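Only a predicted model underlies this, so the values are computations on that prediction, with no experimental measurement involved. Keep in mind that the numbers below use all heavy atoms, side chains included, and drop hydrogens, waters and symmetry copies.
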Amino acid sequence: QVQLVESGGGLVEAGGSLRLSCAASGRTFSSHAMGWFRQAPGKEREFVAAMSWGGGTIAYRDSVKGRFTISRDNAKNMVSLQMNSLKPEDTAVYYCAADARSYSSRGLSVQAEYDYWGQGTQVTVSS
């Protein structure tokens, strides 16, 4: 059974940093795209960042470019999201996602392209 478990969320003041991690089990995702999405209260879930299977393609939503960095450790079957210069509008539940297709770089920002999802971790940024 595939599981994605996020950790690292919490409460931080504006301008602060958090590092989210996502540990995968039940399947190796070294050959699969992985990404982060978020959902703020009363809003639709939206794309945040994603990395292709080989790391050659990385995508970010415009509002986090220059502040967030996605990375992966294939040896540990993990993907991380370093979030710096956090803003109150970054407050949301952050979800890790993985694509079941191997060696695909298509649709990194499209939720429907991901097959596995974590339960989410809350990030709250106070002003």
Looking only at the side chains, is there a donor atom on one of T28 and N77 sitting less than 3.5 Å from an acceptor on the other?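 Note: T28 and N77 side chains miss the donor-acceptor criterion.
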Does S17 reach the side chain of Q82, with side-chain heavy atoms less than 4.5 Å apart?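 Side-chain contact under 4.5 Å: yes.
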Step by step, would you call E46 with R38 a salt bridge (Lys or Arg N to Asp or Glu O under 4.0 Å)? CA-CA 5 Å; E46 62 184 19; R38 67 186 182 188; 2.7 Å; yes
How about R19: does its CZ atom have over 12 heavy atoms from other parts shown lying under 6.0 Å from it?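 Atom CZ in R19 is packed in, count exceeds 12.
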Check the surroundings of atom CD in Q119: do more than 12 heavy atoms from other residues, nucleotides or ligands lie under 6.0 Å from it?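 No - once you tally the heavy atoms of other residues, nucleotides and ligands closer than 6.0 Å, there are 12 at most.
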Partner residues of T124 under the side chain to side chain contact (heavy atoms under 4.5 Å, CB included) criterion, sequence neighbours left out: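 For T124, the residues satisfying side chain to side chain contact (heavy atoms under 4.5 Å, CB included) (neighbours in sequence not counted) are L11, T91, Q122.
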How long is the span from the [atom1] atom in [X] to the [atom2] atom in [Y], to the nearest 0.5 Å?
X: R67; Y: S85; atom1: CZ; atom2: OG; value: 7.0 Å
X: S21; Y: D73; atom1: OG; atom2: CG; value: 10.0 Å
X: K87; Y: S63; atom1: NZ; atom2: OG; value: 7.5 Å
X: Y114; Y: R101; atom1: OH; atom2: CZ; value: 8.5 Å

Do R72 and W53 meet the cation-pi criteria used here (NZ or CZ under 6.0 Å from the six-membered ring centre, within 45° of the axis)?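 So R72 doesn't make the cation-pi contact.
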Can a donor-acceptor pair be found, under 3.5 Å and without considering hydrogens, that links the side chain of Q3 to the backbone of G26?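 Looks like no, no N/O pair under 3.5 Å.
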Could you please spell out the steps behind the side chain to side chain contact (heavy atoms under 4.5 Å, CB included) verdict for R61 and S109? CA-CA 8 Å; R61 72 178 299 103; S109 64; over 6 Å; no
Could you check Y95 against F37 for ring-ring contact (aromatic ring centres under 6.0 Å, His included), going step by step and ending with a plain yes or no? CA-CA 5 Å; Y95 298 91; F37 293 76; 8.8 Å; no
Side chain to side chain donor-acceptor pair (under 3.5 Å) partners for S30, two or more places apart: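 Scan of S30 (side chain to side chain donor-acceptor pair (under 3.5 Å), adjacent residues dropped) gives none.
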Residues in salt bridge (Lys or Arg N to Asp or Glu O under 4.0 Å) with [X], at least two apart?
X: R27; answer: none
X: E6; answer: none
X: K65; answer: D62

Give the minimum heavy-atom separation between [X] and [Y], together with the two atoms involved.
X: S127; Y: A14; result: CA-CB, 4.4 Å
X: D115; Y: A100; result: OD2-N, 2.7 Å
X: A50; Y: L108; result: CB-O, 3.5 Å
X: S102; Y: H32; result: OG-CE1, 3.3 Å

Hydrophobic clusters join Ile, Leu, Val, Met, Phe, Trp and Tyr when side-chain heavy atoms are under 4.5 Å apart, directly or via other members; which others share one with F29?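 F29 clusters with V2, L4, V12, L18, L20, M34, W36, V48, M51, I58, Y60, V64, F68, I70, V79, L81, M83, L86, Y94, Y116, V123, V125.
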